Amino acid sequence: MSSTPQGIDVSIEDKRVVAEQPPAKGHPNTCPGCGSHYRDDELVKHLRMCPHCGHHFPVRALERIAQLLDEGTFIEECADLRSADPLGFFDLRPYVERLAEAETSTGLGDAMVTGGGRIEGSACRLAVMDFAFMGGSMGSVVGEKFARACESATAAGVPLVSIAASGGARMQEGILALMQLPKTVCAVDELHDAGCALISVMTHPTTGGLLASFASLGDVLLAEPGALMSFAGPRVVQQTTKEKLPEDFGRAEQNLRFGHIDAIVPRGELRPTIARLLRLFGSCGQL
Amino acid sequence: MSSTPQGIDVSIEDKRVVAEQPPAKGHPNTCPGCGSHYRDDELVKHLRMCPHCGHHFPVRALERIAQLLDEGTFIEECADLRSADPLGFFDLRPYVERLAEAETSTGLGDAMVTGGGRIEGSACRLAVMDFAFMGGSMGSVVGEKFARACESATAAGVPLVSIAASGGARMQEGILALMQLPKTVCAVDELHDAGCALISVMTHPTTGGLLASFASLGDVLLAEPGALMSFAGPRVVQQTTKEKLPEDFGRAEQNLRFGHIDAIVPRGELRPTIARLLRLFGSCGQL
Amino acid sequence: MASSDAEPGFRERLSKLAGIKSLRGTKLPAELERLQRQLDRLTEEETEEEVWERVLLARDEDRPYTLDYVARIFGEFFELHGDRGRDDDSAIVAGLGTLDGKTVALIGQQKGRDLKERVARNFGMAYPEGYRKAMRVMELADRHSFPVLTLVDTPGAYPGVAAEQHGQGGAIARSQAVMARLGVPTVAVVIGEGGSGGAVALALADKVLMQENAMYSVISPEGCASILWRDASQAQKAAAAFKPDAAHCLELEVIDGIVPEPAGGAHTDHDLAAELLREAVTSAFAELEHVSPDDLRRARRAKFRAMGVLA
Amino acid sequence: MASSDAEPGFRERLSKLAGIKSLRGTKLPAELERLQRQLDRLTEEETEEEVWERVLLARDEDRPYTLDYVARIFGEFFELHGDRGRDDDSAIVAGLGTLDGKTVALIGQQKGRDLKERVARNFGMAYPEGYRKAMRVMELADRHSFPVLTLVDTPGAYPGVAAEQHGQGGAIARSQAVMARLGVPTVAVVIGEGGSGGAVALALADKVLMQENAMYSVISPEGCASILWRDASQAQKAAAAFKPDAAHCLELEVIDGIVPEPAGGAHTDHDLAAELLREAVTSAFAELEHVSPDDLRRARRAKFRAMGVLA
Ligand SMILES: [Zn+2]
Ligand SMILES: [Zn+2]
């Protein structure tokens with residue numbers, strides 16, 4: 001289901017997200033829900049939802065931005081930020097090599113794209129994660145981009161919309177990756193002190209450090225259908241507790257039932273829903 | 001077990017507190033726990049705990065104050081406040097008649113005694129309920145006395161210690177009795193804004209409106225062993241849900257287990273425990 | 001039964017209520033006149049039957065509920081779910097919507113229209129989780145300076161084993177404490193049954209209004225009767241004794257105004273009932289519009305501080 | 001492995017640490033000297049074995065736990081229980097006590113000393129309820145201007161079905177958000193295992209210290225090894241790669257200071273370990289004593305805002 005073979009290496013609390021899915025039927029454009037196969041342009045047209053069974057395929061960051069924003073309004077920010085290798089980290093391969101490969105294969109500098117734009121005419125800032133870049137893991141660059149997006153939203157007096165898709169913290173940056181949790185939490189507190197809203201959308205998967213930091217701190221928490229939202233991944237939980245997991249363990253539907261999110265929004269309704277929330281939260285300063 | 005035959009009439013959410021107890025063995029000084037019988041001076045000496053089985057007998061307000069305060073330090077406040085009869089309430093007997101009878105039998109103006117004093121040398125204000133006065137029900141006088149106790153504590157910059165024993169709101173005062181909930185809640189918020197602490201002790205029973213207002217808002221919540229602390233009384237719950245109630249339904253022990261109180265403190269340890277808390281919260285202004 | 005003491009304040013507030021409405025250019029003077037006539041009757045004694053009739057109207061199964069009003073008075077409504085802890089209690093609904101073009105946070109008890117919905121919403125009787133949802137939405141409103149509107153309509157907080165184990169009393173107390181701390185304008189309207197602690201948990205507001213046929217009481221008439229008369233069938237007698245109707249609540253200075261209903265009761269015309277509610281609520285918010293957070297808190301606490309009647 | 005860039009900040013903070021301590025008249029110059037020598041070694045490369053030795057010390061079963069320190073450094077301690085919602089999670093203990101005669105709120109993870117206690121305390125792995133208890137005690141401290149001391153010692157937040165259903169991720173996020181908002185001085189000390197999100201939930205503090213042999217990491221060495229090397233037995237190699245020891249955390253400017261331990265580790269002398277901890281904590285609080293709530297928040301957020309290394 002995922003087009004990112006390295007994804008499995010980098011998520012921490014939920015390292016087997018991919019393995020939990022029905023085994024990919026060879027091609028990323030084959031629906032794991034019903035087996036239908038689509039051309040890429042067909043999937044793009046349908047917002048990467050299966051027209052047959054409604055399965056939500058993963059969406060890359062730039063395509064997500066195109067789905068959500070008024071055409072031609074996106075202005076990217078901080079595109080030049082890149083990870084350093086503070087630990088000189090080397091496992092089976094050096095971290096710098098993994099980074100270079102991810103940049104080549106995704107065309108992105110790191111796992112988050114940020115910038116400003118309009119949705120149904122309402123100005124906002126966006127912070128959109130890309131699972132294809134090392135499993136959407138959060139290291140120094142993701143944390144810094146998110147913090148700057150909060151500051152940019154505050155300066156403009158507009159809400160920040162965050163779209164999460166992440167396996168957790170990026171362990172190749174060690175303790176500095178963990179520090180992106182408090183860093184992004186502080187950024188949300190500053191955003192809130194300025195009176196600006198955070199609208200947080202969780203897509204499959206939003207696990208580990210993301211769920212334990214900014215993604216859970218939205219004024220409104222939305223999730224896509226079926227999105228896995230858990231702090232610990234299903235495999236870790238199973239190994240630890242030896243329990244049989246409930247069928248919808250950690251899924252958006254369970255999270256709604258247990259009171260953790262406000263709504264499950266199918267992808268087709270995401271743009272009008274966010275637009276409505278932007279109008280409700282309005283501007284909170286100069287535009 | 002209770003020496004207040006009219007108690008059963010006035011508690012609301014928990015109207016059968018007394019009936020839930022083992023039937024009184026004739027005399028209020030006979031222990032319902034083990035059947036031992038005591039002279040009144042024996043019980044006073046033992047803080048009204050059964051020396052044989054540890055059962056906590058009810059304690060009247062002035063005796064409670066004598067148990068807790070340094071000798072000779074109590075100065076009563078607002079002793080002259082009396083209930084009006086705003087509804088001209090008449091059930092089987094007029095409210096004014098019930099009030100007069102309660103005053104005669106208890107020697108108190110209403111179900112709460114307030115004032116200032118010292119515990120192990122630390123100054124505080126106290127608000128102590130007396131279940132013998134119409135089941136410790138809260139009407140306008142109890143609400144007013146509690147609010148004034150908060151104001152007195154604020155003025156003195158000392159903590160307020162509240163000792164609850166109540167069946168709930170006093171229905172003979174109708175909607176005005178219900179309004180003592182928000183009234184006392186506002187008083188606690190003002191006390192807290194002034195930086196003063198509320199130490200709340202719940203004794204058997206603390207139910208209905210008391211639990212749903214100031215008694216639950218203490219910075220520290222203590223309870224005596226076995227004290228019933230429930231919003232709805234066991235009988236009402238049983239009638240509504242038809243369930244068999246757990247054995248310790250609503251008791252302090254259950255409340256501790258479910259995270260609602262900080263500690264269960266046997267009566268013999270109450271004075272030193274409150275004294276320690278007074279030292280920890282200290283003074284918060286002039287004395 | 002208005003005592004001579006309460007009389008002046010009562011009259012004064014009634015005319016203030018009328019004043020606000022005409023100031024805002026009410027289009028419904030007939031409703032207001034009718035309400036005035038009803039209130040005039042209070043100087044005479046209301047009969048047991050008249051009080052009971054209102055109790056029955058407050059509980060009428062066709063009476064508009066919270067979501068009926070939400071659909072009619074809010075724009076852009078978005079429902080918020082969950083207490084961020086354990087549950088989403090649908091006996092209480094919450095959300096954001098626009099009223100007069102401004103964003104307002106709505107919190108209200110919700111009974112069910114048919115049996116299935118009634119069970120799902122537990123007949124409007126919330127668990128502690130419902131009050132925790134209310135609190136977190138109030139805090140969201142405070143963070144973004146959204147006024148808060150609460151609609152009160154519950155027989156009471158749910159009296160069950162789990163509800164007690166989850167801390168019903170503490171949740172009701174804390175919900176009030178949060179309302180006492182809010183720095184935004186708050187308006188509460190009792191739109192049906194305002195049952196005891198479960199109701200007041202959402203009603204510690206700058207302006208507390210009652211619909212003409214709503215009731216607001218420390219205990220249900222049946223509960224009162226079974227305790228004091230030892231006979232639940234004496235409910236009618238009990239209701240007359242403790243007077244849960246809007247006019248008496250206004251007389252006792254427990255509420256700040258009465259919202260007129262269509263003749264015959266809100267259930268006869270949901271649209272008109274909603275329009276009358278909308279007018280009353282926007283008038284109340286307009287009065288609070290330019291008051292600072294500190295002044296809002298101060299006045300709100302002072303108002304409740306003064307409630308009660310001493311000898 | 002100190003990079004030449006990180007070096008000056010590291011040196012500076014070490015000498016600042018030393019400076020504070022002598023200023024406060026430390027009676028234990030020998031311990032400090034020993035710490036200095038150890039830190040000096042950082043300019044050389046630490047071996048895999050040396051890093052691993054610290055991991056083993058951090059997890060030593062005889063190492064003092066939160067309550068061992070509480071008994072030794074606090075006066076008048078009073079434990080606070082419960083999250084005021086559903087539970088009292090004993091993997092986290094909280095309470096009030098006096099330190100240098102002033103009231104401080106204490107929150108810390110607590111492992112068990114024997115098997116029975118370990119099970120009761122879930123090996124120091126909290127459920128969301130534990131973090132909710134922590135948050136409500138922090139808010140109590142804020143209300144009364146009590147400084148907050150947290151002691152971090154957990155393999156991680158508990159990864160179980162119920163913990164997820166009760167909102168583990170959200171609870172950890174919100175606990176951090178509460179810490180970022182507090183207007184009182186906050187000091188966190190990692191006294192054993194600082195395991196991932198479960199640790200940082202209590203560590204968003206003005207001053208974050210680590211004991212000499214504590215570890216603080218984004219994942220356990222075993223977890224890291226099983227993911228990256230696909231072999232949990234490579235834990236020693238993994239630990240050397242991501243360097244969870246105090247010296248490296250100081251080097252990366254993730255912590256503000258290192259608390260010396262008795263020679264051989266804290267487990268060899270609980271009393272001395274507690275005395276060293278007490279000195280470090282009171283020094284840290286002394287530095288924060290006259291800072292206003294707004295300045296505390298500002299500096300605290302700015303500190304975490306700056307964490308991370310970019311190319
Ligand atoms: Zn499909
Ligand atoms: Zn006995």
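Values in this document were obtained by computation on a predicted structure and should not be read as measured data. The basis for the numbers below is simple: all heavy atoms, side chains too, and nothing from hydrogens, waters or symmetry mates.
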Give the member of [options] that has the highest number of heavy-atom pairs under 4.5 Å with chain D.
options	answer
A:Ala84, A:Ser216, A:Pro246	A:Ala84
A:Gly143, A:Cys186, A:Ala177	A:Cys186
A:Asp189, A:Leu221, A:Val237	A:Asp189
A:Thr184, A:Asp91, A:Leu176, A:Leu211	A:Asp91
A:Glu151, A:Glu173, A:Arg257	A:Glu151

Can you name the closest pair of heavy atoms from [X] and [Y] and give their distance?
X	Y	value
D:Leu204	A:Pro182	CD1-CB, 3.6 Å
D:Tyr216	A:Ile175	O-CD1, 3.4 Å
D:Ser217	A:Leu178	O-CD2, 3.6 Å
D:Ala157	A:Phe231	CB-CE2, 3.8 Å
A:Met179	D:Phe304	SD-CE2, 4.1 Å
D:Gly197	A:Leu181	CA-CD2, 4.3 Å

Quick one: [atom1] on [X] to [atom2] on [Y], what's the gap to the nearest 0.5 Å?
X	Y	atom1	atom2	result
D:Arg297	A:Glu190	CZ	CD	10.0 Å
A:Tyr95	D:Leu228	OH	CG	11.5 Å
D:Trp229	A:Leu92	CH2	CG	7.0 Å

Against chain A, work out which of D:Ala180, D:Gly170, D:Ala177 has the most heavy-atom pairs shorter than 4.5 Å and name it. D:Ala177
So which residue, D:Gly156, D:Gly308, D:Gly169, D:Gly160, ends up with the most heavy-atom pairs under 4.5 Å with chain A? D:Gly169
For [X], which atoms come within 4.5 Å of any heavy atom of chain D: side chain, backbone, both, or neither?
X	answer
A:Val185	side chain
A:Leu217	side chain
A:Phe90	backbone

Strictly below 4.0 Å, N to O, side chains only: are [X] and [Y] in salt-bridge contact?
X	Y	answer
D:Glu164	A:Arg251	no
D:Arg298	A:Asp193	no
D:Arg305	A:Glu144	yes

Main chain of A:Leu87, side chain of D:Lys243: is a donor-acceptor contact present, judged purely on distance under 3.5 Å? yes
Using modelled atom types and a 3.5 Å cut-off, is there a donor and acceptor pairing between side-chain atoms of A:Ser140 and backbone atoms of D:Val309? yes
Does atom CD of A:Glu247 have more than 12 heavy-atom neighbours from other groups under 6.0 Å away? no
Can you check whether D:Ile227 reaches A:Met171 side chain to side chain, under 4.5 Å on heavy atoms? yes
